[in-house]
Colleague: 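Okay, handing you the structure first.
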Amino acid sequence: MSEDCVFCQIIEGNIPGRTVYEDDDVFAFLDANPLSRGHTLVIPKNHHERVSDLPPEDRAAVFETLGRLAPVVEAAVDADGVTVGMNDGEAAGQEVPHVHGHLVPRFDGDGAGAIHTIFRSTADLSDDELDEVAEEIKAAAE
Ligand code: 5GP
Ligand code: ZN
């Protein structure tokens with residue numbers, strides 16, 4: 001628990017939140033500034049900033065809950081799909097430094113794009129560059 005963290009304070013009940021699910025490991029609540037009706041955040045109860053900081057049990061719990069709640073939230077608000085996303089790191093737009101997954105219900109014709117619309121253009125890498133990047137990541141992932 002971090003005294004300075006708004007999400008830790010919501011878990012503790014010191015800041016009000018609209019809880020939609022809670023167990024020993026995770027907490028899910030409505031986003032205060034929803035992008036759509038039903039916009040839900042799923043967080044580990046333990047305070048960690050980045051996805052890579054999560055110990056395996058918390059990582060498993062967060063992703064299991066995202067997968068389980070996505071269709072639940074979708075059905076609850078009668079949506080047609082869900083954007084499941086994480087802003088991981090300040091450069092990626094993470095504003096609250098406590099890992100959180102967004103479940104944003106999507107509706108046919110809602111006018112919002114795919115995650116790809118975050119970028120105005122693609123990276124435009126040659127086949128050789130793609131091969132090189134794949135090799136770099138593969139080597140680091142082993
Ligand atoms: P990020 O940009 O870090 O991925 O998203 C943080 C999200 O947390 C935003 O969508 C924002 O609306 C939400 N948020 C920030 N402060 C609060 C709060 O005090 N309560 C709730 N329920 N949501 C919050
Ligand atoms: Zn926290």
Side-chain angles (χ1 to χ4, degrees), residues 1-126 129-142:
M1 210 274 282
S2 162
E3 299 284 345
D4 304 331
C5 171
V6 63
F7 287 176
C8 284
Q9 294 306 314
I10 290 173
I11 294 169
E12 291 292 309
N14 297 330
I15 293 177
R18 293 180 177 85
T19 312
V20 300
Y21 175 76
E22 180 177 9
D23 63 27
D24 289 346
D25 305 313
V26 298
F27 193 84
F29 58 107
L30 291 189
D31 195 295
N33 302 292
L35 293 171
S36 69
R37 185 176 159 81
H39 183 171
T40 297
L41 301 174
V42 175
I43 64 177
K45 282 196 168 170
N46 295 322
H47 180 88
H48 295 286
E49 184 167 341
R50 303 284 302 271
V51 175
S52 55
D53 297 330
L54 289 174
E57 317 80 66
D58 286 347
R59 198 177 299 175
V62 166
F63 282 96
E64 198 282 325
T65 305
L66 282 168
R68 200 173 57 73
L69 288 189
V72 172
V73 171
E74 180 178 322
V77 297
D78 201 18
D80 303 301
V82 184
T83 293
V84 182
M86 282 184 169
N87 297 320
D88 187 38
E90 210 174 326
Q94 183 178 3
E95 289 182 354
V96 178
H98 181 134
V99 177
H100 50 281
H102 293 260
L103 294 173
V104 186
R106 299 296 303 272
F107 300 85
D108 288 340
D110 64 14
I115 287 173
H116 291 66
T117 59
I118 295 170
F119 292 82
R120 290 201 184 85
S121 60
T122 53
D124 195 22
L125 296 173
S126 67
E129 287 169 320
L130 287 170
D131 288 343
E132 198 180 311
V133 172
E135 282 308 319
E136 281 169 6
I137 296 173
K138 194 174 165 189
E142 277 168 3

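Since this is a predicted model, take the numbers as computed values, not measurements. Positions are given from 1 along the sequence. Ligands are counted one by one from 1 in listed order, and the atoms in each one are counted from 1 as well.
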Colleague: Does E90 reach the side chain of E95, with side-chain heavy atoms less than 4.5 Å apart?
Modeller: no
Colleague: Working to 10°, measure the angle at the Zn ion (ligand 2) formed by atom SG of C8 and atom ND1 of H47.
Modeller: 110°
Colleague: Taking all atoms of both residues into account, what is the closest heavy-atom pair of L30 and G38, and its distance?
Modeller: CD2-O, 4.1 Å
Colleague: Between R59 and L54, what is the shortest heavy-atom contact and its length?
Modeller: NH2-O, 3.0 Å
Colleague: Would V42 and Y21 satisfy side chain to side chain contact (heavy atoms under 4.5 Å, CB included), going step by step from the backbone distance to the final call?
Modeller: CA-CA 9 Å; V42 175; Y21 175 76; over 6 Å; no
Colleague: By the definition side chain to side chain contact (heavy atoms under 4.5 Å, CB included), identify the one residue from N87, L66, T40 that meets it with H102.
Modeller: N87
Colleague: May I ask you to check if ligand 1 and Q94 share an N or O to N or O distance below 3.5 Å?
Modeller: no
Colleague: As an exercise, state the distance from SG of C8 to NZ of K45, rounded to the nearest 0.5 Å.
Modeller: 11.5 Å
Colleague: Decide whether an N or O pair under 3.5 Å exists between F7 and ligand 1.
Modeller: no
Colleague: What verdict does the salt bridge (charged side-chain N to carboxylate O under 4.0 Å, His left out) test give for R50 and D88, after you've listed the backbone C-alpha separation in whole Å, the side-chain angles of each residue and the deciding distance to 0.1 Å?
Modeller: CA-CA 6 Å; R50 303 284 302 271; D88 187 38; 3.0 Å; yes
Colleague: Does R37 CZ have over 12 foreign heavy atoms under 6.0 Å away?
Modeller: no
Colleague: Checking one value in my table: which N/O/S atom of H98 lies closest to the Zn ion (ligand 2)?
Modeller: ND1
Colleague: Between atom NE2 of H39 and atom CG of N33, what is the distance when rounded to the nearest 0.5 Å?
Modeller: 9.0 Å
Colleague: Do any heavy atoms of L41 fall under 4.0 Å from ligand 1?
Modeller: yes
Colleague: Would you check whether H39 has a nitrogen or oxygen atom less than 3.5 angstrom from a nitrogen or oxygen atom of ligand 1?
Modeller: no
Colleague: Any idea which atoms of ligand 1 are less than 4.0 Å away from a heavy-atom of N87?
Modeller: 1 (P), 2 (O), 4 (O)
Colleague: What atoms in ligand 1 come closer than 4.0 Å to a heavy atom of G93?
Modeller: 1 (P), 2 (O)
Colleague: Looking at the Zn ion (ligand 2), is one of the N, O or S atoms of H48 less than 2.8 Å from it?
Modeller: no
Colleague: Looking at F29, which atoms of ligand 1 are within less than 4.0 Å of one of its heavy atoms?
Modeller: 21 (C), 22 (N)
Colleague: Is ligand 1 under 4.0 Å from a heavy atom in the side chain of H102, in the backbone, in both, or in neither?
Modeller: side chain
Colleague: With distance as the sole test, does D58 use its side chain to make a donor-acceptor pair with the main-chain N or O of P55 at under 3.5 Å?
Modeller: no
Colleague: Could you list the atoms of ligand 1 found under 4.0 angstrom from a heavy atom of V6?
Modeller: 19 (O)
Colleague: Can you pull out the closest protein heavy atom to atom 3 (O) of ligand 1? Residue, atom name and distance to 0.1 Å, please.
Modeller: E95 N, 2.7 Å
Colleague: Counting heavy atoms only, which of D31, D88, V96, I10 comes nearest to atom 18 (C) of ligand 1?
Modeller: I10
Colleague: Using a 4.0 Å heavy-atom cut-off, which part of H100 comes near ligand 1: side chain, backbone, both, or neither?
Modeller: side chain
Colleague: Provide, to 0.1 Å, the distance between atom 22 (N) of ligand 1 and the closest protein heavy atom, together with that atom's residue and name.
Modeller: L30 O, 2.9 Å
Colleague: Looking at ligand 1, does any of its N/O atoms fall within less than 3.5 Å of an N/O of A32?
Modeller: yes
Colleague: Taking N or O atoms only and a 3.5 Å limit, does I15 qualify as a polar contact for ligand 1?
Modeller: no
Colleague: Where do F29 and F7 land on the ring-ring contact (aromatic ring centres under 6.0 Å, His included) test, with the steps shown first?
Modeller: CA-CA 10 Å; F29 58 107; F7 287 176; 5.2 Å; yes
